[in-house]
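Computed over heavy atoms, backbone and side chain alike; hydrogens, waters and symmetry mates excluded. Since the structure is predicted, the reported quantities are computational estimates derived from the model, not experimental observations.
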Amino acid sequence: MKIIFSKRCLEYSQPGHPESPERVRSTFEHLKDHYEVVEPTPADVADLLLVHTRDLIDRVSAGNFYDGDSPAYPHLAFYARLSAGAALMALKLALEGTASISLMRPPGHHAGKNFLGGFCYFNNVAIAAAKALDKVRRVAIIDFDCHHGNGTQDIFMGSDRVLYVSLHQSPLYPGTGYRSELNCRNFPVDAFTSGDDYMKIFSIALDEVREFSPELVAVSAGFDTFKEDPITNLGLDIETFERIGEAISSLGVPTFSLLEGGYSSGMPYCVQAYLNGLES
């Protein structure tokens, strides 16, 4: 297991914004002495164009947009490309047989083909999954963030080579993912769902993945499902994340993970538990 991280992603912030440098700084500090750390490089525009329109890329690059949750920070395009580059590094390691997790920000799963939002500018997991299709026939994306990955669904809806599976609190932002559509299998869960009940649903979701027989698994790993997260309302404890990691590991498929949400002070321990499960 390797960690992909650059301290450059700590350089931007907005006072009071939950998607803060501290959430990844504390997680990296907690884990850095236990895993090899790999520095990412920014993704090329050609990689972004695998899933995004030129219009979106140009708007992000110029800061020519307004979204209340997703500020147009100075040098934002560099930070977003660096986070996407970390996803591509995670993909490369997975194809070489090494599991990894990117702890980079900004996250990505709310960014669609031609839209941004929800703290996301470019869709990291989608970029890596699209790139992977040059090497493998089928990719499954497992998303256990508390919010539905509407951007990932927008990008891959109807693909016969990508399966998107999402467990998410519902109703909740962004107000999508109420039902499964084509290759996008959605499992909305109620607020305050316990870890035991969540894992029953997760087991059903993984059956969908097994039936798809992917050659690669990409994970949108959101730790805002933790019961102490300040902006969500699920009931998962730290042990549940180890069980999630164990369940994904049981698929026996090369896997890489990318950080999405997670805004509590307990996130470092949730991530550690998840990695312990993956390595079991």
Quick one: closest heavy-atom pair of A43 and A84, and the distance?
-> CB-CB, 3.8 Å
Answer with yes or no after comparing the ring centroid distance for Y12 and Y73 against a 6.0 Å cut-off, counting only values under it.
-> yes
Decide yes or no for F5 and L10: does some side-chain heavy atom of the first lie under 4.5 Å from some side-chain heavy atom of the second?
-> yes
To the nearest 0.5 Å, tell me how far L31 CG sits from Q272 CD.
-> 5.0 Å
Close side-chain approach of D229 and I231, heavy atoms under 4.5 Å | yes
Just by distance, with hydrogens left out, do H147 and D224 show a side-chain donor and acceptor under 3.5 Å apart?
-> yes
Exercise: do N186 and Q153 side chains pair donor with acceptor under 3.5 Å | yes
CD of Q14: more than 12 outside heavy atoms within 6.0 angstrom?
-> yes
Sub-6.0 Å ring centroid separation between F144 and F223 = yes
Determine whether the side chains of T232 and Q169 contain a donor N or O and an acceptor N or O closer than 3.5 Å.
-> no
Indicate whether any N or O donor in one side chain lies under 3.5 Å from an N or O acceptor in the other, for D237 and T240.
-> yes
Y269 versus S265, closest heavy-atom pair with distance = CE1-O, 4.2 Å
Answer yes or no: is there a side-chain heavy-atom contact under 4.5 Å between M157 and L182?
-> yes
Is there a side-chain contact (heavy atoms from CB on, under 4.5 Å) between F202 and I142 once you walk through the steps?
-> CA-CA 10 Å; F202 199 81; I142 300 171; 4.2 Å; yes
Salt bridge (Lys or Arg N to Asp or Glu O under 4.0 Å) between R243 and E246: does it pass, once the steps are laid out?
-> CA-CA 5 Å; R243 295 167 68 186; E246 289 172 350; over 6 Å; no
Apply the side-chain hydrogen bond (donor to acceptor under 3.5 Å, both in side chains) test between H109 and each candidate in T152, D143, N150; give the one that qualifies.
-> D143
Determine, stepwise, if the pair T225 / D145 fulfils side-chain contact (heavy atoms from CB on, under 4.5 Å).
-> CA-CA 6 Å; T225 45; D145 189 272; over 6 Å; no
Under 3.5 Å, is there a donor-acceptor pair between the side chain of R185 and the main chain of L163?
-> no
Would you say F78 and I4 are hydrophobically clustered, going by side-chain heavy atoms of ILVMFWY under 4.5 Å?
-> no
In one Ile/Leu/Val/Met/Phe/Trp/Tyr side-chain cluster, 4.5 Å: L88, L95 | yes
How far does CD1 of I248 sit from CG of L206, to the nearest 0.5 angstrom?
-> 6.5 Å
Report yes or no: does N233 contribute a side-chain atom to a donor-acceptor pair with the main-chain N or O of F192 at less than 3.5 Å?
-> no
Would you say R138's side chain and V162's backbone share a donor-acceptor pair under 3.5 angstrom?
-> no
Would M89 and M1 show up in the same hydrophobic cluster when neighbours are defined by side-chain heavy atoms closer than 4.5 Å?
-> no
Can Y274 and E242 be said to form a side-chain hydrogen bond (donor to acceptor under 3.5 Å, both in side chains), step by step?
-> CA-CA 4 Å; Y274 171 65; E242 184 164 1; over 6 Å; no
First locate atom NE2 of H75, then atom CZ of R81, and finally report the distance between them rounded to the nearest 0.5 Å.
-> 13.5 Å
V189 reachable from L172 in the ILVMFWY side-chain graph, under 4.5 Å edges | no
Is there side-chain contact between F28 and K7, with heavy atoms separated by less than 4.5 Å?
-> yes
Are the side chain of S159 and the backbone N or O of F156 linked by a donor-acceptor pair below 3.5 Å?
-> no
Report the C-alpha separation of N114 and H52 in whole Å, then their side-chain angles, then the decisive distance to 0.1 Å, and conclude whether the side-chain contact (heavy atoms from CB on, under 4.5 Å) test is met.
-> CA-CA 6 Å; N114 197 37; H52 294 300; over 6 Å; no
Could you tell me if the ring centre of Y173 sits under 6.0 Å from that of H110?
-> yes
Under 3.5 Å: donor-acceptor pair, side chain of S100, backbone of K2 = no
Closest heavy-atom contact between L216 and V136?
-> CB-CG2, 4.4 Å
Electrostatic pair K200:D196 at N-O distance under 4.0 angstrom | no
Which heavy-atom pair separates Y178 from P188 by the least distance, and what is that distance?
-> O-CG, 3.7 Å
Distance, nearest 0.5 Å, that separates CD of E260 from OG of S102 = 9.5 Å
Are side-chain heavy atoms of P107 and L259 found at a separation under 4.5 Å?
-> no
Nearest heavy-atom neighbours spanning Y121 and P71 = OH-O, 2.6 Å
Would you say the side-chain atoms of R105 pair up with the backbone N or O of C9, donor to acceptor, closer than 3.5 Å?
-> yes
H17 ring center near F119 ring center (under 6.0 Å) = yes
Taking all heavy atoms of S249 and all of S280, pick out the closest pair and write down the distance.
-> OG-O, 3.8 Å
With the side chain counted from C-beta on, respond yes when V139 and R161 share a heavy-atom pair under 4.5 Å apart, and no when they do not.
-> no
Please step through side-chain contact (heavy atoms from CB on, under 4.5 Å) for the pair L278 and S257, ending with a clear verdict.
-> CA-CA 10 Å; L278 281 179; S257 303; 4.0 Å; yes
Taking atom CD1 of I244 and atom CD of E239, what is their separation to the nearest 0.5 Å?
-> 11.0 Å
Greater than 12 external heavy atoms within 6.0 Å of R210's CZ | yes
Looking only at side chains, do S83 and N124 share a donor and an acceptor under 3.5 Å apart?
-> yes
Before giving the answer on salt bridge (Lys or Arg N to Asp or Glu O under 4.0 Å), spell out for K92 and E96 the whole-Å C-alpha distance, their side-chain angles and the decisive distance to 0.1 Å.
-> CA-CA 6 Å; K92 179 177 183 293; E96 293 172 351; 2.7 Å; yes
Give a yes or no answer on whether the side chain of Y79 reaches the backbone of P74 with a donor-acceptor pair at less than 3.5 Å.
-> no
Answer with yes or no whether the hydrophobic clustering places L275 together with L93; edges join I, L, V, M, F, W, Y residues whose side-chain heavy atoms lie under 4.5 Å apart.
-> no
Whether D44 side chain and D47 backbone form a donor-acceptor pair below 3.5 Å = no
Give a yes or no on whether a salt bridge exists between E22 and R25, defined as a side-chain N under 4.0 angstrom from a carboxylate O.
-> yes
Side-chain touch I3/V38, heavy atoms, less than 4.5 angstrom | no
Heavy atoms, side chains only, cut-off 4.5 Å: are F226 and L234 in contact?
-> no
Crowded around H30 NE2? As in, over 12 foreign heavy atoms under 6.0 Å?
-> yes
